[in-house]
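Every chain is numbered from 1 and lettered A, B, ... according to where its sequence line falls, protein lines coming before strand lines.
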Amino acid sequence: MGDIGDSGRGAHGWRRPRGHPVWGLQQRWLRSGDSGQGVTGRGGCRRGVPGGRCPRGARGTRQGQPPPLSLTPVTSQAVPRVRPGPDATRHLHTTPACLKVSPGGAPPPPPPPPVGCPPPLMPLSPQTRAARVRVGKGDKPVTYEKAHAPHYIAHRKGWLSLHTGNLDGEPGAAERAVEDAFLRRFLYGTFPGVLADEPVLKRRANLLVVCAVLARGLAPAKLYFLLGYAETLLARFYKCPVRLELQTLPAKVPYKYL
Amino acid sequence: MAARRLGGSSWQQVVSLSRRCCLPGGRRERYRCSSSSTALGKTVDNSEVTQEEIVLPRRKTWGKLAVLQTLASTVNKDPTAAHYMFQDDPFLMPRNAANSRLFSLSKESGRNAAKYIIKQFPQYFDKTFAEPNIPCLMPETFTPQIEGVSEEALKERIHLRRVKDSVDLFDQLVQAGTTVSLETTNSLLDLLCFYGDGESTPEKEKEEEDLEEPGVNASEQKAPKRQFQRGSQSSGSRWRENNNAERIFKIMPERNAHSYCTMIRGMVKHGASAKAYDMYIDLLNERHKADVHTFNALITAVPYLKERFLERWELAKVFLNHMAQQEVQPNLLTFNALLKTLRRCGGVGRSMSLLAIKEMEALDIEPSLATYDHLLFIFYRGADLCPSGIISEVLDDVEKRSFTPQDPDDANFFGTAMQVCCDLKDIKLAYQLNKAMEKGDNWKFLDMDRLNAYWSKFFSLLCMMEQIDVVLKWYKEMSPSHFYPTPKNILDLLQALDAANHLEAIPSVWEDMKQLGFNRRQDLLQELLSLMSREQHPEEIQLAFAKCAEDIKAVYEQSVREQALLEWTGSALGHVALLFSRAGRTQDAWNMMERFQQINRIPTDQVMEEFLNCAKQTNCPDEAIKLVKLAAALGLPSSQRLKSRTEKEFELSEKQKKTLESIKSDSDSSDSDSDSDSDRE
């Protein structure tokens with residue numbers, strides 16, 4: 001691991017650290033003596049900014065000879081809230097949106113991360129708009145799912161679609177994504193107005209389990225009709241057994257009002 | 001270290017407990033990071049840093065088998081859950097038999113709707129990307145591929161069961177002069193006789209059956225009887241004069257035995273029994289041999305050919321002799337058909353059926369459930385019942401085996417058997433029958449309707465014969481998972497509670513009634529009210545009864561949109577007033593008393609006495625005076641007595657005394673016999 005000290009020379013000669021990704025980064029951080037910036041430090045910056053210099057500056061490299069490595073495990077350091085699991089790469093949410101720059105002028109400094117949230121590995125640009133409900137007058141009820149932005153996935157939210165396609169070496173991730181898109185539209189149309197929240201799609205071997213939460217807008221007999229219809233049609237469409245597990249609520253549950 | 005370990009283990013127990021029972025937030029699962037388990041272990045660490053005294057729980061020791069026992073307890077049938085086909089949600093769970101049938105049928109009709117869509121648009125569903133290909137999930141090709149007028153096209157249309165198309169094509173072929181081979185013609189005849197000249201997709205519903213309301217009062221014996229009386233067979237379309245099958249049969253240049261047999265079977269299936277017999281005579285004249293299925297059909301048709309019992313038996317014997325002459329081996333269905341015929345042969349049937357069973361044993365044919373069903377019917381459900389021990393022998397046989405379906409009538413066995421047990425009032429036989437049902441695959445013979453009827457009869461028998469604690473145990477276990485109680489079951493349960501002097505369970509029965517949707521049935525409400533108000537009970541039971549009475553009052557008064565307003569009857573009103581009085585709710589009781597005039601009924605003496613007692617206990621002399629006024633207004637003979645009682649027992653102010661004096665009882669002057677029809681029901 002001694003080579004890690006060879007931090008990026010050149011314009012933006014960031015080199016992926018060898019060894020365990022998290023450890024490598026942590027080591028770099030530890031060595032650079034930076035304490036307030038989280039694991040990212042400089043190491044997490046994967047994309048070069050056109051123009052040569054990283055706007056944030058390469059703090060770590062400005063210092064002198066790096067102190068000797070300490071091989072204490074990361075947990076015993078005063079480390080931020082990222083928990084290194086056995087394979088913690090999925091906790092790294094490197095959002096390329098951090099470096100969104102508006103056409104004119106330098107980007108504004110990144111806002112401090114909100115309290116209680118693990119500091120994002122990439123600070124978020126205020127121009128990001130993905131999957132966020134914008135704050136309004138305060139009369140718009142918003143479910144828990146919608147109220148949280150995507151960087152809260154795996155911290156405060158779970159995943160809506162569970163399959164093994166995204167694991168290393170597993171095929172078919174794109175096909176699952178397309179199927180998911182179709183299934184969500186299909187369910188949105190089949191249960192008109194009674195879907196209280198996004199359906200959760202789970203795939204276990206060949207079986208596709210659709211867990212949907214409905215409001216009690218239709219009579220139970222009608223819901224059973226739609227249930228039988230959806231199960232049969234989707235099974236014939238995707239050539240796999242499909243099971244629909246429904247749960248009803250009196251109404252949509254608002255988490256907050258935006 | 002020890003503390004942390006304890007904390008860790010107790011957290012594990014909490015997690016395992018919460019996984020076992022349903023979390024109150026519903027069963028929707030979200031994905032949780034697997035690393036959260038270790039993380040939570042650490043937060044337990046952090047919380048123990050607090051300064052206060054930590055009380056360490058004693059370490060729990062679990063036996064070696066604890067895990068296995070816990071797991072084993074989860075695989076039994078959950079007595080509170082509905083059938084597996086329903087969603088596990090309080091809104092979507094059916095509460096009574098009608099709802100369960102409705103939901104299962106709507107789910108099935110949803111499936112049919114999906115199949116219709118797939119049939120209309122097969123091009124969207126025919127991509128084969130599953131490895132290996134799953135043929136049952138592919139759309140079926142119903143359109144014939146081969147065009148043109150040829151025998152191949154005809155064969156294909158026959159295979160696809162397109163009746164009208166095949167007939168048209170056949171006619172075209174005949175007109176064009178091409179000879180159609182014998183086998184093809186025979187298969188066309190098969191198709192026509194099977195569908196009886198209707199189409200293969202049933203467009204029109206069967207009007208003659210399914211006349212009862214679903215589920216609640218179903219009895220399988222009624223439907224066939226009604227149809228027999230009308231003299232028509234129950235499988236859909238009727239055999240018309242000179243329909244396509246007959247026409248094609250007549251123009252066939254050559255016919256073989258198969259053609260005759262098909263025609264006979266088709267005619268029997270669709271109700272033209274006399275024609276079938278004529279066709280059989282033709283077959284004999286042509287010196288052909290019939291096969292076993294034809295003979296089965298002919299034996300089934302015997303009750304429609306002859307009227308008197310002995311003639312029927314003789315005709316059946318004739319057929320059997322012909323079978324022996326033509327060296328056709330009888331099978332199970334032959335004997336079942338024979339027994340079915342003997343069902344309608346009265347006393348002759350009883351004696352001959354045992355001979356038939358002996359023949360079966362001699363030929364080494366295993367009887368099926370339909371055989372036993374016919375036997376039980378012959379011996380126990382006929383007009384004149386003579387005692388016989390057949391049922392125990394039958395049950396002994398059935399208990400030993402696990403049956404497979406071989407005859408469509410197999411499904412009726414358990415219902416008939418349970419009915420016989422109820423008629424004989426023998427609970428031990430019923431338990432034996434239950435055990436037989438649980439053996440192997442035998443439970444599969446009961447579908448939803450039959451299951452409900454079966455358990456409903458069993459429960460009625462239980463209420464009649466068993467002790468109340470056994471009854472209540474079965475009740476808790478069986479509803480709503482096994483069956484939904486019918487109104488008769490609730491009545492039986494109430495009677496059993498009455499017999500066992502266990503009337504304090506009545507409020508919980510009322511809750512169940514509300515859930516089952518029986519809370520607007522007059523007979524049940526009357527029974528409930530009369531049982532509650534018959535005797536005086538201890539205090540808290542009386543209060544519970546009063547709450548029930550209030551619910552029932554709300555039922556009478558609320559007008560639901562679809563249903564008509566329930567009319568108060570005199571006895572019901574009296575009972576409710578009585579219950580309110582006994583619980584000390586004077587105001588409510590008085591409201592009830594006022595309604596008597598509205599419905600033109602008169603309260604009984606008992607009601608008025610109780611009301612007066614209540615007024616005395618709660619110290620409301622005004623109410624007492626109002627009662628006396630009411631009695632006087634209605635012209636009751638007891639008003640005088642009430643007046644004197646009020647004067648004696650109550651402490652009345654001057655004004656009240658004067659009011660009391662001024663109430664003149666009309667019954668002194670007028671005749672009382674025309675007025676005093678208090679409704680004692």
Quiz item: Which residue out of Ala114(B), Pro90(B), Ser104(B), Pro139(B) racks up the most heavy-atom pairs below 4.5 Å with chain A?
Solution: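 The residue among Ala114(B), Pro90(B), Ser104(B), Pro139(B) with the greatest pair count is Ala114(B).
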Quiz prompt | Heavy-atom pairs under 4.5 Å with chain A, option from Asp126(B), Ile134(B), Leu137(B) with the top count | solution =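 It is Leu137(B).
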Self-check item: Portion of Leu92(B) that has a non-hydrogen atom of chain A nearer than 4.5 angstrom
Solution: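 Contact with chain A: backbone and side chain both.
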Quiz item: Tell me, side chain or backbone of Phe129(B) under 4.5 Å from chain A's heavy atoms, or both, or neither?
Solution: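 When you check distances to chain A, only side chain atoms of Phe129(B) fall under 4.5 Å.
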Exercise. Measure Leu227(A) against the heavy atoms of chain B and call it side chain, backbone, both or neither at under 4.5 Å.
Key: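 Only the side chain of Leu227(A) comes within 4.5 Å of chain B.
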Quiz item: Which answer fits Leu214(A), side chain, backbone, both or neither, if we ask what part of it has an atom under 4.5 Å from a heavy atom of chain B?
Solution: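 Contact with chain B: none, neither part.
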[X] atom [atom1]: more than 12 heavy-atom contacts under 6.0 Å:
{"X": "Arg185(A)", "atom1": "CZ", "answer": "no"}
{"X": "Lys514(B)", "atom1": "NZ", "answer": "yes"}
{"X": "Glu131(B)", "atom1": "CD", "answer": "no"}
{"X": "Phe182(A)", "atom1": "CZ", "answer": "yes"}

Quiz item: Judged by atom type as modelled, is there a donor-acceptor pair below 3.5 Å linking the side chain of Asp89(B) to the main-chain atoms of Gln247(A)?
Solution: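 A pair under 3.5 Å: no.
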Quiz item: Counting only N and O atoms by type, is there a donor-acceptor contact under 3.5 Å from the side chain of Tyr224(A) to the main-chain atoms of Glu108(B)?
Solution: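 No; zero donor-acceptor contacts below 3.5 Å.
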Nearest non-hydrogen partners of [X] and [Y], listed with the distance:
{"X": "Ser109(B)", "Y": "Phe225(A)", "answer": "OG-CD1, 3.2 Å"}
{"X": "Ser106(B)", "Y": "Ala221(A)", "answer": "CB-O, 3.3 Å"}
{"X": "Gln87(B)", "Y": "Leu244(A)", "answer": "NE2-O, 3.1 Å"}

Quiz item: Looking at side-chain heavy atoms only, is the closest gap between Tyr229(A) and Ile117(B) below 4.5 Å?
Solution: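 Sidechains of Ile117(B) and Tyr229(A): in contact.
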With rounding to the nearest 0.5 Å, note down the distance linking [atom1] in [X] to [atom2] in [Y].
{"X": "Lys107(B)", "Y": "Thr232(A)", "atom1": "NZ", "atom2": "OG1", "answer": "9.0 Å"}
{"X": "Phe125(B)", "Y": "Phe237(A)", "atom1": "CZ", "atom2": "CZ", "answer": "6.5 Å"}
{"X": "Phe91(B)", "Y": "Leu218(A)", "atom1": "CZ", "atom2": "CG", "answer": "8.0 Å"}

Quiz item: Would Lys127(B) and Lys239(A) count as a side chain to side chain contact (heavy atoms under 4.5 Å, CB included) if you check the C-alpha gap in whole Å, the side-chain angles of each, and the deciding distance to 0.1 Å?
Solution: CA-CA 9 Å; Lys127(B) 267 205 191 147; Lys239(A) 312 286 184 252; 5.9 Å; no
Self-check item: Top contributor to chain B interface from Pro250(A), Ala235(A), Cys240(A) [non-hydrogen pairs under 4.5 Å]
Solution: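 Going by pairs under 4.5 Å, I would pick Ala235(A).
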Self-check item: Evaluation steps, side chain to side chain contact (heavy atoms under 4.5 Å, CB included), between Arg236(A) and Met138(B)
Solution: CA-CA 6 Å; Arg236(A) 303 262 191 292; Met138(B) 301 295 289; over 6 Å; no
Self-check item: Phe103(B) vs Leu223(A), side chain to side chain contact (heavy atoms under 4.5 Å, CB included): CA-CA, chis, key distance, verdict
Solution: CA-CA 9 Å; Phe103(B) 294 167; Leu223(A) 287 178; over 6 Å; no
